Amino acid sequence: MIEMGSYGSRGEDEGVDSVHGSSDAVEAAKSLAQQTGCVVAVSGAIDYITDGDRVVYVYNGVPMLQKITASGCSVTALITAFVAVDPSHAVEATASALAIFGVASETGMDMARGPGSLRTLLIDSLYGLDEATVLGRVRINHL
Ligand SMILES: Nc1ncnc2c1ncn2[C@@H]1O[C@H](COP(=O)(O)OP(=O)(O)OP(=O)(O)O)[C@@H](O)[C@H]1O
Ligand SMILES: Cc1ncsc1CCO
């Protein structure tokens, strides 16, 4: 989601998910959040959300999301909608949106045959998601 190409010693234009595990970006994300006053989210196998002080971890999602172009943009739109409901709880809203997008990908993956069908099933899962499924599947921790 955020580009960290100059953060390491390898190539100049590779994103965080191709060069580093997203855990390597936590300190950079905290620093960016402190400097900007923004909530910063780093997406990957584990998503990290920070306001520069607290760090929340979201474990939901499936690796095949990486094969769907614009999955990052899609979850960013969902984050925006969640934050708009209550901007004073932007960390919780961002983590919730990432978790729910991840849950939808997990239930979609149950029937997917590849990235093409997962893309469709992910949208269907988001549309049909119910409270019991969300509460049963959400995996969020915080420090
Ligand atoms: N290995 C993984 N396992 C589980 N979920 C993942 C994995 N990689 C990414 N995700 C999830 O996929 C979604 C998109 O994250 P990703 O890091 O792929 O974004 P992106 O690289 O900005 O995507 P794009 O450029 O295609 O828009 C997030 O919800 C993230 O949690
Ligand atoms: C690569 C790409 N294609 C459509 S939007 C976008 C950027 C992040 O999703």
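Whatever order the structure lists them in is the order used to number ligands and atoms, beginning at 1. This is a predicted model, so every value here is computed, not measured.
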Heavy-atom closest pair, residues [X] and [Y]:
{"X": "Lys30", "Y": "Val55", "answer": "CD-CG2, 3.8 Å"}
{"X": "Ala95", "Y": "Ile140", "answer": "O-CD1, 4.1 Å"}
{"X": "Ala90", "Y": "Val39", "answer": "CB-CG2, 3.8 Å"}

task: Using a strict cut-off of under 4.0 Å between a residue heavy atom and any atom of ligand 2, list the qualifying protein residues by chain and number.
output: Thr69, Ala70, Cys73

Ligand 1 and [X], any nitrogen or oxygen pair closer than 3.5 angstrom?
{"X": "Ala70", "answer": "yes"}
{"X": "Asn60", "answer": "no"}
{"X": "Gly72", "answer": "yes"}

Check: [Y] main-chain N/O paired with [X] side-chain donor or acceptor under 3.5 Å:
{"X": "Ser31", "Y": "Glu27", "result": "no"}
{"X": "Asn60", "Y": "Phe101", "result": "no"}
{"X": "Ser71", "Y": "Lys67", "result": "no"}
{"X": "Gln66", "Y": "Pro63", "result": "yes"}

Show the atoms of ligand 1 that are less than 4.0 angstrom away from any heavy atom in [X].
{"X": "Gln66", "value": "1 (N), 8 (N), 9 (C)"}
{"X": "Cys73", "value": "27 (O)"}
{"X": "Gly61", "value": "4 (C), 5 (N)"}
{"X": "Asp47", "value": "30 (C), 31 (O)"}

message: Please report the interatomic distance CG(Leu98) to OH(Tyr48), rounded to the nearest 0.5 Å.
response: 12.5 Å

Straight-line distance of Ile68 CD1 to Thr120 OG1, nearest 0.5 Å: 8.5 Å

task: For Gly102 and ligand 1, answer yes if some heavy atom of the residue is under 4.0 Å from a ligand atom, otherwise no.
output: no

query: Applying a strict 4.0 Å limit to heavy atoms, is Ile46 in contact with ligand 1?
result: no

Which option, [options], owns the non-hydrogen atom nearest [atom]?
{"atom": "atom 10 (N) of ligand 1", "options": "Gly44, Ala99, Ser74", "result": "Gly44"}
{"atom": "atom 13 (C) of ligand 1", "options": "Ile100, Leu65, Thr69", "result": "Leu65"}
{"atom": "atom 16 (P) of ligand 1", "options": "Ala41, Ala45, Ser43", "result": "Ser43"}
{"atom": "atom 5 (N) of ligand 1", "options": "Leu122, Val42, Val62", "result": "Val62"}

- prompt: Taking non-hydrogen atoms only, is Ile68 closer than 4.0 angstrom to ligand 1 via side chain, backbone, both or neither?
  reply: backbone

Single-linkage hydrophobic cluster, 4.5 Å side-chain cutoff, Ile100 and Val75 together: yes

Under 3.5 Å, side-chain donor or acceptor atoms of residues 109-119 against the rest of the protein: list the pairs with distances, not counting sequence neighbours.
residue, atom, partner, partner atom, Å
Ser117, OG, Arg113, N, 2.8
Ser117, OG, Gly114, N, 3.3
Ser117, OG, Gly114, O, 3.3

All side-chain hydrogen bond (donor to acceptor under 3.5 Å, both in side chains) counterparts of Thr107, not counting sequence neighbours: Ser125

task: List in chain and number order the residues that pass side-chain hydrogen bond (donor to acceptor under 3.5 Å, both in side chains) with Thr69, two or more places apart in sequence or in another chain; answer none if no residue qualifies.
output: none

